[in-house]
Amino acid sequence: MELLYASTRNGDEKATASEAILKGLASDGGLFVPTEIPALDVDLDDLAKMTYQETAYTVMHKFLTDFTEEELKNCITAAYDSKFDTEEIAPLVNADGAYYLELFHGPTIAFKDMALSILPHLLITAARKNNIQNEIVILTATSGDTGKAALSGFADVKGTRIIVFYPKNGVSPIQEKQMVTQKGANTFVVGINGNFDQAQTGVKQMFSDSDLGRALAESGYQFSSANSINIGRLVPQIVYYVYAYAKLYANGEITKGEKINFVVPTGNFGNILAAFYAKHMGLPIAKLICASNENKVLYDFFSTGVYDKNREFILTSSPSMDILISSNLERLIYRIAGDDAEKNAELMKALSTEGTYKISEAMKSELKDFYGNYTTEEKTAQVIRDLYKNTGYMIDTHTAVAAGVYDAYQSDTQDTQTKTVIVSTASPFKFTRSVMDAIDKEKYDSMTDFELVYELSRIANVTVPPAIETIRNAKVLHDTVCEPNEMEDVVKKFLKIE
């Protein structure tokens, strides 16, 4: 049976999986959501024997029903190969009473590789299926990790161009160097003098600009997205939750059907939304623990039922979560509103015009799957330091935000018995300065970023990832910087559109 996708703002707009992947965003500015969540009807004993690639097919074919078995398996084989530095793709590490799901073994050492390694293959396959002749322009805003992972995935992919906007002073030095040294004739990286929310808003405005759309079409282009607003990003993320559960079972850590918690550090809400979809496929998940940093807009939402972006934007040591507009939350809002596109559109309009909205008590009662909290900057550093001191295991700042929230969850609920997986979203090498400051700021303050890389490698007894080695002496190839209101002009100039 074919599974269709509907816009969160107009229930009448439907698309197949391949059409939704190609469009990225619905024509009314809404996000594509599956009209139903398919059941995970595979016995756990069978799942436990599967490789990551086999698990990926088992999950993804349920959602991408207009892809043939051969097409989807080809995409999976091309995505999850030797570009990952571990055969498991997403290994689990047991440390200090929790399991850390390491999602940073891909080419850019962040969890975005898990989906952005496969998205280019899904997109090109979708274009072929729909007889698209236009060149596809991937337009993306990044708070740090999506940008490099998307650039890496789409570099020199025939029939595509990729344009990435990032906040010029809102990413780590390693993140910026990864992006501005990106090779590929079809790649373009732009820093904006603003924050991620401004970059994301600018990108969304370009998607919904009909005049720009016509100008693109006349020049032989069409937009698509590599952000998590694209359903082709979200579906592959469901896989690693299923895989993690199956591996815990296979390793004898849990019994069949035993419920576990997942703690997910998130800013844009995509990563935890994938866990929510996994739960509603039937994966035995107890609590979805939503971890925020000091930009705690999601924590406040779960606490009060009010989403309010009208607040100070704080630059933290976990920059990929420095977000005040959590785009993927719209997909959850649509669902807890009873798939009511009209109600959702009304709330999103309030967010756009007033910067805030409030959900009903009935909707709030549908959030029982979630627990939300946040970790301060001071606590984030303490978590990194204590975990390393106690176990020798080193985590990055975003993972530390999650571990800090897990501490708060245990304290608040007294739930110390439920087995819990903390989603580790980036390698500590990606945020070396912040990680080493947490260990001993005074000792390491005088070292350069790359000296810190080798010191981290030494004290944690972990090999420096190739992703870091390759950028050490790489030449800066992208130096464009613009104001947020100049983003469209920059895109037109790159594409040579008048």
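The shown structure was predicted, so the numbers you read here are calculated from the model rather than taken from an experiment. Just so you know, residue 1 is the first one in the sequence shown, and it goes up from there.
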Problem set entry | Backbone N/O of A226 and side chain of R233: donor-acceptor pair under 3.5 Å | yes
Exercise. Do NZ/NE/NH1/NH2 and the carboxylate oxygens of K430 and D396 come within less than 4.0 Å?
Worked result: no
Problem set entry | Main-chain N/O of I314 paired to N295 side chain as donor or acceptor, under 3.5 Å | yes
Problem set entry | Pair F111 and H398, ring centroids less than 6.0 Å apart | no
For this session: Just say parallel, tilted or perpendicular for the rings of Y57 and H61, cut-offs at 30° and 60°.
Result: parallel
For this session: Salt-bridge test for K83 and D113: reply yes if a basic N is under 4.0 Å from a carboxylate O, no otherwise.
Result: no
For this session: For the pair K73 and E69, find out whether any cationic side-chain nitrogen is under 4.0 Å from an anionic carboxylate oxygen.
Result: yes
Exercise. How about Y299 and Y374: are their ring centres within less than 6.0 Å of each other?
Worked result: yes
For this session: Inspect the contact between E71 and R128 and indicate whether a charged nitrogen and a carboxylate oxygen are less than 4.0 angstrom apart.
Result: no
Problem set entry | Salt bridge E88-K247, side-chain N to carboxylate O under 4.0 Å | no
For this session: Any chance you could lay out the side-chain contact (heavy atoms from CB on, under 4.5 Å) test for R335 and V33, step after step, and finish with the verdict?
Result: CA-CA 9 Å; R335 184 170 176 90; V33 288; over 6 Å; no
Exercise. Do N261 and V421 have side chains that get closer than 4.5 Å, going by heavy atoms?
Worked result: no
Problem set entry | ring-ring contact (aromatic ring centres under 6.0 Å, His included) partner of F262, the single match among Y406, Y241, Y100 | Y241
Problem set entry | Expected output: side-chain K496 to main-chain K493 donor-acceptor under 3.5 Å | no
For this session: Would you sort out whether L119 and I21 count as a side-chain contact (heavy atoms from CB on, under 4.5 Å), showing the intermediate values?
Result: CA-CA 9 Å; L119 182 60; I21 289 169; 4.3 Å; yes
Exercise. Counting distance only, does the side-chain N/O of S219 pair as donor-acceptor with the main-chain N or O of Y221 below 3.5 Å?
Worked result: no
Exercise. Are the charged groups of K343 and E346 less than 4.0 angstrom apart, N to O?
Worked result: yes
For this session: Using atom types as modelled and distance alone, determine if a side-chain donor or acceptor of T58 lies under 3.5 Å from a backbone N or O of E54.
Result: yes
Exercise. Is E218 paired with R214 through a side-chain N to carboxylate O contact shorter than 4.0 Å?
Worked result: no
For this session: Would you check if the side chain of S326 reaches a backbone N or O of L329 as a donor-acceptor pair within less than 3.5 Å?
Result: no
For this session: Would you please say whether a donor-acceptor pair under 3.5 Å links the side chains of K129 and S18?
Result: no
Exercise. Any chance the rings of F370 and F276 have centres within less than 6.0 Å?
Worked result: yes
Exercise. Can you check side-chain contact (heavy atoms from CB on, under 4.5 Å) on D412 and N373, steps first, answer last?
Worked result: CA-CA 10 Å; D412 286 351; N373 216 316; 3.6 Å; yes
Exercise. For the residue pair Y277 and F63, does the interplanar ring angle fall in the parallel (under 30°), tilted (30 to 60°) or perpendicular (over 60°) class?
Worked result: parallel
Problem set entry | Donor-acceptor contact below 3.5 Å, side chain S152 vs main chain K148 | no
For this session: For T480 and F188, run side-chain contact (heavy atoms from CB on, under 4.5 Å): C-alpha distance rounded to whole Å, both residues' side-chain angles, the deciding distance at 0.1 Å, then the answer.
Result: CA-CA 9 Å; T480 303; F188 188 41; 3.6 Å; yes
Exercise. Donor-acceptor pair, N186 side chain versus K158 backbone, under 3.5 Å?
Worked result: no
Exercise. Would you say the side-chain atoms of Q222 pair up with the backbone N or O of E135, donor to acceptor, closer than 3.5 Å?
Worked result: no
Exercise. Between Y52 and Y80, what is the ring plane arrangement, given parallel below 30°, perpendicular above 60°, and tilted in between?
Worked result: perpendicular
For this session: Say whether, by atom type as modelled, one donor and one acceptor occur between the side chain of S320 and the main chain of G144 under 3.5 angstrom.
Result: no
For this session: Any chance you could measure M487, atom CE, to T201, atom OG1, to the nearest 0.5 Å?
Result: 8.5 Å
Problem set entry | E2, CD: over 12 other non-hydrogen atoms inside 6.0 angstrom | yes
